[in-house]
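Just so it is clear: chains get the letters A, B, ... in the order the sequence lines come, proteins before strands, and each one is counted from 1. The shown structure was predicted, so the numbers you read here are calculated from the model rather than taken from an experiment.
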Amino acid sequence: MSEMPEFASQVLDVVDTIPSGCVMSYGDIAEFLALGRGPRQVGRVMAVYGGGVPWWRVIHSDGTPAPGHDESALRHYLAEGTPLRSARPPVRVDMRRARWIPSPSPKIV
DNA sequence: GTGCTGACACAGG
DNA sequence: ACCTGTGCCAGCA
């Protein structure tokens, strides 16, 4: 099995906590982790290790899903009842309603 | 070390 | 809605 950077593990952990019907932007995750990384690094993590987490809940700050996956993402949104502003390409999630902010680390203090 | 690329964000046209 | 430029950080040739 391949190891993965702590940062990647952190990102995947957060993504895994995003409830159904909600989403987070790459920047939101980067900001929540409050590490030195930026949204681009979050995007890279998702591109490499995002196969085991609800990746469709991680989108751009605009509400547009990951490039190339808008089709699969839309299917998940319809199934989860994610508030959409546009159910037809360009698919756009209603960030104002779907944006979700995770609660502070339950332990780690 | 240098330069390009990338599942980003934001401002401007 | 679309494209461009700029800022940001990390990975790779």
Side-chain angles (χ1 to χ4, degrees):
Chain A
M1 287 292 284
S2 54
E3 284 291 314
M4 75 168 76
E6 271 302 308
F7 179 62
S9 188
Q10 291 276 78
V11 172
L12 298 182
D13 186 56
V14 174
V15 176
D16 214 29
T17 65
I18 304 176
S20 178
C22 296
V23 298
M24 276 185 85
S25 72
Y26 298 93
D28 285 346
I29 295 174
E31 196 168 297
F32 175 72
L33 293 178
L35 300 177
R37 276 56 178 204
R40 287 198 97 113
Q41 276 46 270
V42 174
R44 203 185 69 77
V45 169
M46 292 306 293
V48 180
Y49 310 99
V53 294
W55 52 264
W56 57 90
R57 292 176 190 155
V58 184
I59 60 182
H60 289 241
S61 60
D62 295 58
T64 55
H69 295 277
D70 46 303
E71 206 172 310
S72 302
L74 175 59
R75 198 169 58 214
H76 286 290
Y77 300 148
L78 296 177
E80 299 182 356
T82 305
L84 301 173
R85 271 214 305 167
S86 189
R88 246 333 257 192
V91 178
R92 274 200 355 159
V93 173
D94 189 333
M95 286 302 275
R96 207 192 11 179
R97 289 193 298 163
R99 201 182 207 194
W100 178 77
I101 307 299
S103 54
S105 314
K107 18 157 220 75
I108 306 175
V109 201

Near DNA chain B, which residues from residues 61-76 of chain A have a heavy atom under 4.0 Å away? A:S61, A:A66, A:P67
Is there a side-chain polar atom (N or O) of A:R44 under 4.0 Å from OP1 or OP2 of C:dC9? no
Looking only at non-hydrogen atoms, find the nearest pair between A:G38 and A:A30 and report the distance. C-CB, 3.8 Å
Quick one: sort the A:H76 and A:W56 rings into parallel, tilted or perpendicular, breaks at 30° and 60°. parallel
Nearest 0.5 angstrom please: A:W55 CH2 to A:M46 CE, how far? 9.0 Å
Drop me the distance from A:E80's CD to A:R75's CZ, to the nearest 0.5 angstrom. 11.5 Å
A:M95 CE to A:W100 CH2 distance, which is reported to the nearest 0.5 Å: 13.0 Å
Taking atom OG1 of A:T17 and atom CZ of A:R57, what is their separation to the nearest 0.5 Å? 9.5 Å
Counting only heavy atoms not in A:E31 (residues, nucleotides, ligands), do more than 12 fall under 6.0 Å from its CD? no
Under-4.0 Å side-chain N/O to phosphate OP1/OP2 contact, A:H60 with B:dA7: no
Residues within residues 13-28 of chain A bordering DNA chain B, heavy-atom distance below 4.0 Å: A:S25, A:Y26, A:G27
How many whole angstroms separate atom CD of A:Q41 from atom P of C:dC12? 12 Å
From CG of A:L33 across to P of C:dA10 the rounded distance in Å is 14 Å
Using the side-chain heavy atoms of A:R37, tell me which of these nucleotides is nearest: B:dA9, B:dA7, C:dA10. C:dA10
Any donor and acceptor pair, going by atom type alone, linking the side chain of A:R97 with main-chain N or O of A:P83 inside 3.5 Å? no
